[in-house]
Protein chains: 2
Amino acid sequence: MARKPLTNPRKHASQERSRATVDALIEATARILILEGFDRASTNRIAERAGVSVGSLYQYFPGKDALVAAVIDRHRQELGEVARSALQKASGQPIKQAVRTLVAAAIEAHRIDPRLHRVLAEQIPRTGRLEKVETFSRENYALFRAYLERHSDELRAVDLELASFVCVTSIEALTHSAVLHNPAMLSDDAAVKAFIDETTRLIVGYLQ
Amino acid sequence: MARKPLTNPRKHASQERSRATVDALIEATARILILEGFDRASTNRIAERAGVSVGSLYQYFPGKDALVAAVIDRHRQELGEVARSALQKASGQPIKQAVRTLVAAAIEAHRIDPRLHRVLAEQIPRTGRLEKVETFSRENYALFRAYLERHSDELRAVDLELASFVCVTSIEALTHSAVLHNPAMLSDDAAVKAFIDETTRLIVGYLQ
DNA sequence: GCAGAATACGAGCGATCGCTCGTGTTCACT
DNA sequence: AGTGAACACGAGCGATCGCTCGTATTCTGC
């Protein structure tokens, strides 16, 4: 069997210093994405900012896309934790309360690292190996659908498939747009409450 | 006064053949964006596909961004016509009917050139001179708000600002996502009707 | 028919990109 | 102290990019 060229990325960083190198590279990638944008995020620049040589970069990542993908994954995991814990909390609540919980969590999630979130949403070409950004909303979608199934006695007769799509898409779009494009809309606690009230009304009114 | 270098783009194409050149360039840009994506849309490739030399390209466009901006503008104008005519048609209708009209128009608009729309939405880095894509939704937003003002007696007491945001953002996100990411959701007339029904219910339920 | 303006051409410059590879350095283990 | 594996280095290759500029062609007005 032909052995793969040794210059390609080594699977695992076993020693501690290499672990640090990998972390530094991911962190540097995130910083550059935020500060300079996707176009200016070259491998040379990333390596330089990480205090590492390009050669080392290519020991652990097969290319630029892999770096960006790692940043996306890290960010997604953080969002995922917020989403999952919110859905767990909501699972025991009646619909109205549950929707409030989810909307509040959606805002919270979008506030984890808004600048990075914005770059990932607006500058990463969703093509080739980098299109898995949407996988995330599929997950939320399935989880929300499961909630609706368990609480179907509280709602009007709905097509679960369609209803989940409508709710998740709307909540995601509203919070995303509010946090990233209309920050004034969430400028203080009162405004945030008003936003949550309205979004909750939208969703609950639709489901019941 | 320092005169600008003559090599820079000339303002107007006065002769007919240059008019054709400009059109060919815009059309070629759109085609390449669709077929090859934003990254592969180089000025050389665009010129080649347009059957024109790079030199000519730079006579009429200061750079790649201007080409893409022209494509965006052309597309936006087409969408704008659909949106404006729908809002005009809706202006005399009661809310429920009006929302149906608008949702149907939103789907229609997203179907004008879905592949181009997708590229513009997903691959164009919304940075630098190319971030005006969102200007469009601002326009819709204002027009919809005007409708709500004229029909405020038909709805519950609402914050017009907030309500317009919620409605326009939701409709746009739902139709966009349905047309581009869930084509199965609009596969036949019955499915389209179901989608319009649900979206209308969402919005009308919220406004009343 | 002619002059000059408008239009079109395309080789190629300088910059940057992703990435390789030969070499030097540090670690783990004896 | 010695050895091989793991890790780090960075000059530089080949490709591509956006764009320029000297030249050739076509149109317009007289």
Side-chain angles (χ1 to χ4, degrees), chain A residues 3-26 28-29 32-33 36-70 123-125 127-130, chain B residues 3-26 28-29 32-33 36-70 123-125 127-130:
Chain A
R3 89 181 66 146
K4 297 171 185 172
L6 291 177
T7 53
N8 271 2
R10 283 143 191 172
K11 302 275 178 180
H12 283 301
S14 53
Q15 299 179 7
E16 189 179 347
R17 67 176 165 151
S18 60
R19 241 294 167 239
T21 299
V22 169
D23 286 349
L25 283 168
I26 295 179
T29 304
I32 292 201
L33 283 177
E36 314 220 32
F38 180 80
D39 288 343
R40 296 229 164 286
S42 71
T43 50
N44 281 315
R45 235 186 294 269
I46 290 171
E48 187 188 12
R49 183 149 211 127
V52 151
S53 80
V54 247
S56 297
L57 185 154
Y58 281 94
Q59 295 237 346
Y60 303 105
F61 296 94
K64 177 185 173 180
D65 285 356
L67 254 330
V68 177
Q123 289 186 39
I124 307 297
T127 184
R129 299 290 165 213
L130 251 35
Chain B
R3 90 181 66 145
K4 297 170 186 172
L6 292 178
T7 53
N8 271 2
R10 281 146 193 173
K11 301 279 180 177
H12 285 301
S14 51
Q15 298 179 7
E16 188 178 347
R17 67 176 166 151
S18 61
R19 241 308 173 225
T21 299
V22 169
D23 287 348
L25 284 168
I26 296 179
T29 304
I32 292 202
L33 283 178
E36 315 221 30
F38 180 80
D39 287 345
R40 297 229 164 284
S42 72
T43 50
N44 281 316
R45 237 186 293 269
I46 290 171
E48 187 188 10
R49 183 152 211 123
V52 151
S53 79
V54 248
S56 298
L57 185 155
Y58 281 94
Q59 295 237 345
Y60 303 105
F61 296 94
K64 176 185 173 179
D65 286 356
L67 253 330
V68 176
Q123 289 187 38
I124 308 296
T127 184
R129 298 291 165 212
L130 251 33

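Throughout, protein chains are lettered first and strands after them, A, B, ... in sequence-line order, and every chain is numbered starting at 1.
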Rounded to whole angstroms, how far apart are CG on B/L57 and P on C/dG10?
-> 14 Å
Looking at B/T21, does any N or O in its side chain come under 4.0 Å of the phosphate oxygens OP1/OP2 on C/dT7?
-> no
Verify the contact: side-chain N or O of A/Y58 to OP1 or OP2 of D/dA8, cut-off strictly under 4.0 Å; return yes or no.
-> no
Hey, does B/A41 reach any base, or is it just sugar-phosphate, or nothing, if we go heavy atoms under 4.0 Å?
-> sugar-phosphate
Counting distance only, does the side-chain N/O of B/Q123 pair as donor-acceptor with the main-chain N or O of A/P125 below 3.5 Å?
-> no
Value rounded to 0.5 Å, distance of OG1 in B/T21 from OH in B/Y60 | 5.5 Å
Say whether, by atom type as modelled, one donor and one acceptor occur between the side chain of A/R45 and the main chain of A/R40 under 3.5 angstrom.
-> yes
What's the CZ-P distance between B/F61 and C/dA8, to the nearest Å?
-> 12 Å
Using atom CD1 of A/I46 as one end and atom C1' of C/dC17 as the other, report the distance to the nearest whole Å.
-> 12 Å
Determine whether B/F61 and B/T43 make a side-chain contact, defined as any pair of heavy atoms from C-beta on separated by less than 4.5 Å.
-> no
Rounded to whole Å, CG of A/D65 lies from C1' of C/dG18 at a distance of 10 Å
Report yes if a side-chain nitrogen or oxygen of B/T43 is closer than 4.0 Å to either non-bridging phosphate oxygen (OP1 or OP2) of D/dC19; otherwise report no.
-> no
Spacing between A/D39 atom CG and D/dG18 atom C1', to the nearest angstrom = 13 Å
Counting N and O atoms only, with roles assigned by atom type, does the side chain of B/S56 sit under 3.5 Å from a partner on the main chain of B/V52, one being a donor and the other an acceptor?
-> no
Of the listed C/dA8, D/dA8, D/dC19, the closest approach to the A/Q59 side chain comes from D/dA8
Report the distance from atom CD1 of B/I32 to atom P of D/dG18, rounded to the nearest whole Å.
-> 11 Å
Can you tell me the distance, in whole Å, between the CZ atom of B/R19 and the P atom of D/dT26?
-> 22 Å
List, with names and distances, any nitrogen or oxygen atoms from the protein found under 3.5 Å away from nitrogen or oxygen atoms belonging to nucleotides 11-16 of chain C.
none

5' priority, DNA chain D, between B/K64 and B/S56 [closest heavy atom] = B/K64
Search all heavy atoms of A/L25 against all heavy atoms of A/A47 and return the closest pair with its distance.
-> CD2-CA, 4.2 Å
So which heavy atom on B/L33 is nearest to which on B/A41, and how close?
-> CD2-CB, 4.1 Å
